[in-house]
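Structure first, commentary second.
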Amino acid sequence: MIKYIPNIITSLRILLTVFFLLAFINGKFLLSLIYFSLVALSDFFDGYLAKKWNVCSKFGAMLDPLADKFTMLSSYLLFYLLNIIPLYITIIVIGRDILILFAVILCLFKRVNLKFSPLISSKINTTIQMIFIIFVLICKSFSINISLDIFMLVVCTSTIYSGIDYILKYKWLKNELDK
């Protein structure tokens, strides 16, 4: 039973993301902050427990990044639609994730044996993006009105850097996909 716990936590993260989005849309900002904080914690704990208990699975290795993509894409899209962040940040965050997802799907379609592991820059980027979301939620929850410009610049920089890091790390894929 213990081997399924990390995947259960990852699955719950997807559900918690939906609860976070619904709470935010309904103006329940403190509740959305609580839900998203649980999302962020579960993102750490599912991987930590899988490694600690040595129960990493192919399913978990696919589900975890998909849960991350769902969380980030829906959060940043919602923030854009509600005029909290500008379009360019949404495009950068979503564009990077779509680029990575497209590469993985293309590899599956072309049957390229892909040993795709997250880069440290990606883990740092995800952390920065999640902290930004929590920061926005704290501001909304407690009616704090401050500029997000510097933090948005940090999000953009880390996202672009992470995207470039993936391109450089996996540039060998181009040769494999051209076959």
Side-chain angles (χ1 to χ4, degrees), residues 1-24 31-78 93-138 154-155 158-177:
M1 178 62 179
I2 201 165
K3 69 180 183 177
Y4 298 112
I5 291 175
N7 290 343
I8 291 169
I9 293 172
T10 303
S11 300
L12 287 173
R13 184 162 81 239
I14 295 168
L15 186 61
L16 283 169
T17 298
V18 172
F19 290 154
F20 148 69
L21 295 168
L22 291 172
F24 193 87
L31 185 58
S32 66
L33 172 62
I34 293 167
Y35 283 138
F36 193 84
S37 297
L38 291 172
V39 166
L41 286 172
S42 71
D43 186 34
F44 168 76
F45 278 113
D46 60 2
Y48 173 78
L49 293 176
K51 286 181 181 94
K52 181 177 178 168
W53 295 336
N54 197 27
V55 292
C56 297
S57 67
K58 276 189 170 185
F59 178 73
M62 287 179 16
L63 184 63
D64 183 65
L66 287 175
D68 285 347
K69 304 287 178 258
F70 174 68
T71 299
M72 292 303 136
L73 296 178
S74 59
S75 300
Y76 280 82
L77 187 58
L78 177 65
V93 170
I94 292 175
R96 175 199 164 270
D97 284 351
I98 288 174
L99 177 74
I100 294 168
L101 208 52
F102 180 73
V104 170
I105 291 169
L106 199 55
C107 288
L108 290 171
F109 180 71
K110 292 224 174 192
R111 300 186 195 279
V112 172
N113 188 13
L114 180 63
K115 300 269 195 259
F116 203 77
S117 58
L119 305 177
I120 191 72
S121 64
S122 179
K123 291 178 184 255
I124 291 169
N125 180 57
T126 298
T127 302
I128 289 170
Q129 288 179 354
M130 286 188 169
I131 290 171
F132 175 74
I133 292 169
I134 290 171
F135 184 74
V136 168
L137 295 172
I138 289 170
V154 172
V155 168
S158 72
T159 303
I160 291 169
Y161 178 81
S162 174
I164 291 170
D165 199 20
Y166 268 111
I167 290 168
L168 295 175
K169 168 89 171 161
Y170 291 103
K171 65 183 175 188
W172 60 268
L173 268 177
K174 183 177 179 334
N175 295 333
E176 288 294 318
L177 294 172

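The figures here come from the full heavy-atom set of this structure, side chains too, leaving out hydrogens, waters and symmetry mates.
- The main-chain N or O of Asn125 is never found under 3.5 Å from a side-chain atom of Tyr161 such that the two would form a donor-acceptor pair.
- Looking at residues two or more places apart in sequence or on another chain, you find a side-chain contact (heavy atoms from CB on, under 4.5 Å) between Ile124 and Ile120, Ile128.
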Solution key, residues 2-9 side-chain donor-acceptor pairs under 3.5 Å, sequence neighbours excluded:
{"unit_1": "Asn7", "atom_1": "ND2", "unit_2": "Ser57", "atom_2": "OG", "d": "3.3"}

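- Atoms CG and CZ, on Leu137 and Phe36 in that order, are 7.0 Å from each other to the nearest 0.5 Å.
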Trace of the side chain to side chain contact (heavy atoms under 4.5 Å, CB included) decision for Val39 with Asp43:
CA-CA 6 Å; Val39 166; Asp43 186 34; 5.7 Å; no
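- Listed by chain and number, the residues in a side-chain hydrogen bond (donor to acceptor under 3.5 Å, both in side chains) with Ser121 are Asp165 (sequence neighbours excluded).
- Checked against side-chain hydrogen bond (donor to acceptor under 3.5 Å, both in side chains), Ser75 has no partners two or more places apart in sequence or in another chain.
- To the nearest 0.5 Å, the span separating CD1 on Ile100 from CD1 on Ile105 amounts to 12.0 Å.
- Rounding to the nearest 0.5 angstrom, the gap separating the CD1 atom in Ile131 from the OG1 atom in Thr126 is 11.0 Å.
- Counting only heavy atoms from C-beta outward, the side chains of Leu15 and Ser11 never approach each other to under 4.5 Å.
- Under the side-chain hydrogen bond (donor to acceptor under 3.5 Å, both in side chains) criterion, the residue pairs touching residues 95-107 are Arg96-Ser122, Arg96-Ser162, with sequence neighbours excluded.
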Listing, residues 45-56 side-chain donor-acceptor contacts under 3.5 Å, not counting sequence neighbours, or none:
{"unit_1": "Asp46", "atom_1": "OD2", "unit_2": "Thr10", "atom_2": "OG1", "d": "2.6"}
{"unit_1": "Asp46", "atom_1": "OD2", "unit_2": "Arg13", "atom_2": "NH1", "d": "2.5"}

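- Summarising the geometry, atom CG belonging to Leu78 is positioned 12.5 Å from atom CG belonging to Leu73; distances are rounded to the nearest 0.5 Å.
- Considering CD1 of Ile164 and OG1 of Thr159, their distance stands at 11.0 Å, rounded to 0.5 Å.
- Scanning for side-chain contact (heavy atoms from CB on, under 4.5 Å) contacts around Leu31 gives Ala23, Lys28, Tyr35, with sequence neighbours left out.
- Considering only residues two or more places apart in sequence or on other chains, Lys123 meets the salt bridge (charged side-chain N to carboxylate O under 4.0 Å, His left out) condition with none of them.
- Rounding to the nearest 0.5 Å gives a distance of 11.5 Å between CZ of Phe19 and CG of Leu38.
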Steps toward side chain to side chain contact (heavy atoms under 4.5 Å, CB included) verdict (Leu12, Ser42)
CA-CA 8 Å; Leu12 287 173; Ser42 71; over 6 Å; no
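- The side-chain heavy atoms of Thr127 and Phe44, taken from C-beta on, include no pair separated by under 4.5 Å.
- Residues passing the ring-ring contact (aromatic ring centres under 6.0 Å, His included) test with Phe24 are Phe29, Phe79, sequence neighbours excluded.
- Within the structure, no pair that satisfies the salt bridge (charged side-chain N to carboxylate O under 4.0 Å, His left out) test touches residues 31-40, not counting sequence neighbours.
- In this structure, the side chains of Leu99 and Ile167 come closer than 4.5 Å at one or more pairs of heavy atoms.
- Under the 4.5 Å side-chain criterion, counting only non-hydrogen atoms from C-beta, Val155 is in contact with Tyr76.
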